[in-house]
Number of protein chains: 4
Amino acid sequence: MKIAVIGASGYTGGELLRLLYIHPDIEIHMITSRTYVDQPVGQIHPNLKKLLDVKFTSFNMDKIGSCDFIFLAVPHKASQAIVPDLLEIGLKIVDLSADFRLKDMNEFEKHYGTHSCPEITKEAVYGLPELHREEIKKARLVAAPGCMACATILALAPLFSEPDLVDPSHVISDAKIGSSGGGKSFNIATHHPERTNVIRPYRPVGHRHLAEIVQELNLISNKPIKVGFSAHGVNIVRGILSTSHVFPIKDLTEKDLWRLYRKFYKDHPFVRIIKQKSGLYRRPDPKMLIGSNFCDVGFDIDPEMNRIVTFGALDNLVKGAAGSAIQCFNLMTGLDETKGLWYPALHPI
Amino acid sequence: MKIAVIGASGYTGGELLRLLYIHPDIEIHMITSRTYVDQPVGQIHPNLKKLLDVKFTSFNMDKIGSCDFIFLAVPHKASQAIVPDLLEIGLKIVDLSADFRLKDMNEFEKHYGTHSCPEITKEAVYGLPELHREEIKKARLVAAPGCMACATILALAPLFSEPDLVDPSHVISDAKIGSSGGGKSFNIATHHPERTNVIRPYRPVGHRHLAEIVQELNLISNKPIKVGFSAHGVNIVRGILSTSHVFPIKDLTEKDLWRLYRKFYKDHPFVRIIKQKSGLYRRPDPKMLIGSNFCDVGFDIDPEMNRIVTFGALDNLVKGAAGSAIQCFNLMTGLDETKGLWYPALHPI
Amino acid sequence: MKIAVIGASGYTGGELLRLLYIHPDIEIHMITSRTYVDQPVGQIHPNLKKLLDVKFTSFNMDKIGSCDFIFLAVPHKASQAIVPDLLEIGLKIVDLSADFRLKDMNEFEKHYGTHSCPEITKEAVYGLPELHREEIKKARLVAAPGCMACATILALAPLFSEPDLVDPSHVISDAKIGSSGGGKSFNIATHHPERTNVIRPYRPVGHRHLAEIVQELNLISNKPIKVGFSAHGVNIVRGILSTSHVFPIKDLTEKDLWRLYRKFYKDHPFVRIIKQKSGLYRRPDPKMLIGSNFCDVGFDIDPEMNRIVTFGALDNLVKGAAGSAIQCFNLMTGLDETKGLWYPALHPI
Amino acid sequence: MKIAVIGASGYTGGELLRLLYIHPDIEIHMITSRTYVDQPVGQIHPNLKKLLDVKFTSFNMDKIGSCDFIFLAVPHKASQAIVPDLLEIGLKIVDLSADFRLKDMNEFEKHYGTHSCPEITKEAVYGLPELHREEIKKARLVAAPGCMACATILALAPLFSEPDLVDPSHVISDAKIGSSGGGKSFNIATHHPERTNVIRPYRPVGHRHLAEIVQELNLISNKPIKVGFSAHGVNIVRGILSTSHVFPIKDLTEKDLWRLYRKFYKDHPFVRIIKQKSGLYRRPDPKMLIGSNFCDVGFDIDPEMNRIVTFGALDNLVKGAAGSAIQCFNLMTGLDETKGLWYPALHPI
């Protein structure tokens, strides 16, 4: 299958190329970039040197028709501008930007500004196969989730999958993320001497991934859920851990939670429940997920307070972006969901 | 003044020695260690080579009387064994272990086991000068606080200093800490290839610093407070950020919080309120505190949810341990509280 | 093909398992460990959880015959003890320990102690396909090279492949390596607070990889070569850069060196020559090699001094260990040399 | 004494301010910056918040006369423009830029371009007190050394302090440096995801610090010395290790080298010779020097090759810049050389 990656020079684009390169059913037919036209891919993504022999071109609607499938790794707002035309000529799309993630246009506009094709948003499917697999299979347009949203939703979803387990109005999600989550644009805040060794609160309130989290948890629970979301930059390049704190409104034992999580994820290959009593790796930690498409989830019950703690860990560039996108691609094109993605993480790293 | 550091070979002991060395009113008279008797201090603490010319001795009650003041940097449980005798001969003590922090013996025993001299615990003062300055001045025995407790308490205290501001039964504290917080004992979990790049949940429930946090917040608020405390190891050596999420039960504006925090800390030199609208350093981050005795605190109000986020950041070995201990020493001996401690952090680092 | 990994619990063993798992022609039939018998592999190598469903067993000569091929990832000296028996029953072996790397028994004994089967060493082939491909194809026993030796030899080999280019008696190799190179055993020197942020000289003279370097360069040049080798631990987990400084005895231009390196590596898929005038990635750097089997080499000519600087970069666990081992396996079993290894590195990381 | 720091917003300027703040004989009278006029120092150097209460002003020759002493922390080429006027009004200066380090104008111009006041260069003293203490005492203008030059020269100087010990034409210096050495300007190469985890060769030939190294070693040895210098960026923020490899032309034992180094540095408080047979800290490593003004030096003799390896380690912002500058200030103003600088490093960090 011939695919194009539009906006392939950033970190998400680079990770897409890495994963597409090793996917057995894909031919990377076209990669575009406004900045690097005519440069070989290895000049920008040094890990692809000698492997992938293709050059960046500029995006051109006339030529895009030779492709079978499109990945959009462009900045927020740039997707809107081309998606209608791409759909028009019958292409299927996974969009990694935020443009088609939110169903509520008010929420979208609050975080990203105006939207030029809100009607298309209606048909777009939120690209979390663990929640929307069947819809994704039939979709023309899938919006891959935000990286922190993905980790947070997957860790919390089971708790809202049955009625009245936990208080929907007091959910706290405290996320920690590596520097690659901020993308390739640099400034003084990303300068190595300034960014190294931080535990830097950023967007402790009002983070735009919150809208996705709430949208999806509302869908699962059929109730309005209030989440307080705070993000922190930590001293790694790749990886997210989202720790959520919820207050049960019903007695829940560890066994109950095991049952709940197992049931919710039993058919989902890329979610592992990590909860061990011994060993070094007892709870989810992105350390053991780098380069892989797994999201590890786990939970603890606080015996001294009426509290459940949940963890969601993933590699923000894989399951949090490019990997989820390819998982959706697989579903949309009738392939096995795990195709080209069933690789172990690197460890140690 | 002649001081002794009992148990001076660990990280807390080493940091005490660094700070005591630069303190103008102190003579380091005796340093003890069970393991390194007769070794020069620079062999164990390489940063003190050529500066501090003293050797480790074994602890000896007969010789300790030649000192004026004792710092105990021994493991939990070892302090109890010697504190009664030290007090008996009229010595003043700052104990950096947990042995005399908790007033409630049930709490103590739950986390640390039996206590051999619970009656002495009654007179011990919790060594957070921002809460107990006057008592510390008069104390014979001060128990320096736990590092994560210190960061968490200082960030939350103002919110409980006036009645009925926030919900006392739903406080969430999500702490992130560097590897030096675990001390000098090593195992596979602290092995560099395994500990690097983690965001590792550890003790997400049942952490023993919680008892200190609750004890002190209860004292401030005169009400029982419930805190859900979860700690995470992150990829730095020094530093703590404790992020707390609380639910107001009364309308609180940013101005109200500014007033509250300013008032609470106006006479406390080592707490800085960090809350800026611009610049790179808008909120507390241990990055800008390494080597210094400051604790930076800050807050944000969540407009979308009834939530206040607070931050407490510090260097776990300084304000979280050795620095607080010396701050207490200064108060106990009638010196200026900032003596020997008024140094800037290293930046960048 | 059914393979066994003997000694599969260390970092090299874990990386072998990761790569063997994704190799299309391999069935991981048996993994052994003295310490972890009956434990599932994911308990020790968390990245393999849910992917590889196999348990550690203890090594047993009676059962090993059911395998077709053996990888030995045991400590130095342990290989010797079993290799004769394994060969006896007709198994082919890649040994990742140092036991069969050195032809000169005096050199071996100087670094590793006595050898119990020196006669077998004679038939063993040094497992660097870039130097010994044809011999490897025919070998029963291949000794995978030391990680720093591999990086250093590949960077220097072209300079000794033609007579009288550089001074054979004054070669300096200054290597930098991440912490995983030291393996899984921990001690105070590998404790995260102590190992982080170092630039730690270790074995500045007398490093045991030197013997391999000299042996192989002597073979290429047909002359005795003197190398001064110094290793430094740096603040990463994976990766090696070996910088060598040599003194030409003949006028050599950049064009000459390009020709020399291109010629030497033209048929070797896993060596890339990195030398660019622009862009961020102008010279070899392990940063862009993590997880991949490439070794990047490069060179610079010093116009102010009669000096050539060469660089060899690789991931010490892949091309420096498990990857080279599988490359040899491919050759020994008639597979394409790149099979199961043709994967891009992770970037950024 | 009233001092001014011209160009105080960079890392070197910030470190100067940190050290000047804790210096007992200094009043920070004026700090200038072109970019941050009227901003409080704590906005740019967050570690100085609440400690140093001063604002940036723009540089103004009319007001500078109210100062007693000037530190120039401006970029290369900017010093030249103001030094003549500053000297004219009788001010003493330590210049941290490269403008007055090199006596040979050809060398200067090769690396930095034209010089507007070469005649002043003649009177400037190279600010390494270990080599030029007496001249510094009498100087009006001192040029603080480059950070890598400082580490390299101090490690090699003893070997050239007596005639015919080592081959002057084959010295190799292989330096490793943290990211703060590149200053505060950011670009894609300093972006955290790109700069983290590198071992990045940069300027393997033609580095401009080489000219300083050669100039100073020539002075010591009275012979022309050839040094091949190669620098590498490594994954730390602060710190340099310069490893040099030299070839003895005379039999030298460890005892000889001990004698040589001890003799050379016996009156120099800030150089420690680190060479231990046991313990964790056997050789120089910047890890144990962060925040301090020490330069640790050490050596090893290679028994298998006619080679001596030397090490020079320091904190590039302290002994490699601001600390050396203040050491010179102390000498120039008749203070004790160690005043305000006699502080231990932070450890662990």
With respect to chain B, which residue among [options] yields the maximal number of heavy-atom pairs within a distance under 4.5 Å?
| options | answer |
| --- | --- |
| D:D285, D:L51, D:L48 | D:L51 |
| D:P348, D:S180, D:G291 | D:P348 |
| D:H347, D:M288, D:E15, D:K184 | D:H347 |

Neighbour count above 12 (heavy atom, 6.0 Å) for D:K275 NZ | yes
Tell me, yes or no, whether the heavy-atom count around B:D53 atom CG, taken from other residues, nucleotides or ligands under 6.0 Å, exceeds 12.
-> no
Let me know if [X] has heavy atoms under 4.5 Å from chain D in its side chain, its backbone, both or neither.
| X | answer |
| --- | --- |
| B:S179 | neither |
| B:I290 | both |
| B:Y281 | both |

Using the side-chain contact (heavy atoms from CB on, under 4.5 Å) rule, take D:L346 and B:R238 through it: C-alpha gap first, then chi angles, then the decisive distance, then the call.
-> CA-CA 10 Å; D:L346 285 186; B:R238 286 189 186 218; 4.0 Å; yes
What's the spacing between D:N235 CG and B:T196 OG1 if we round to 0.5 Å?
-> 9.5 Å
To the nearest 0.5 Å, atom CD1 of D:I349 lies from atom CG of B:L317 at 9.5 Å
Going through the checks in order, is the side-chain contact (heavy atoms from CB on, under 4.5 Å) test met by B:Q43 and D:Q276?
-> CA-CA 9 Å; B:Q43 179 75 4; D:Q276 294 187 199; 2.8 Å; yes
So, the part of D:L289 with a heavy atom under 4.5 Å from chain B: the answer is neither
Tell me, for D:L17 versus chain B, whether the close heavy atoms (under 4.5 Å) come from the side chain, the backbone, both or neither.
-> neither
Are the side chains of B:K287 and D:P46 in touch, meaning some heavy atoms are under 4.5 Å apart?
-> no
Test item: D:D296 and B:K49 side chains (from C-beta on) under 4.5 Å apart, heavy atoms = no
What's the shortest heavy-atom distance between B:N47 and D:P344, and which atoms?
-> O-CB, 3.5 Å
Heavy atoms of D:W342 and B:K50 approach each other most closely as CZ2-O, 3.8 Å
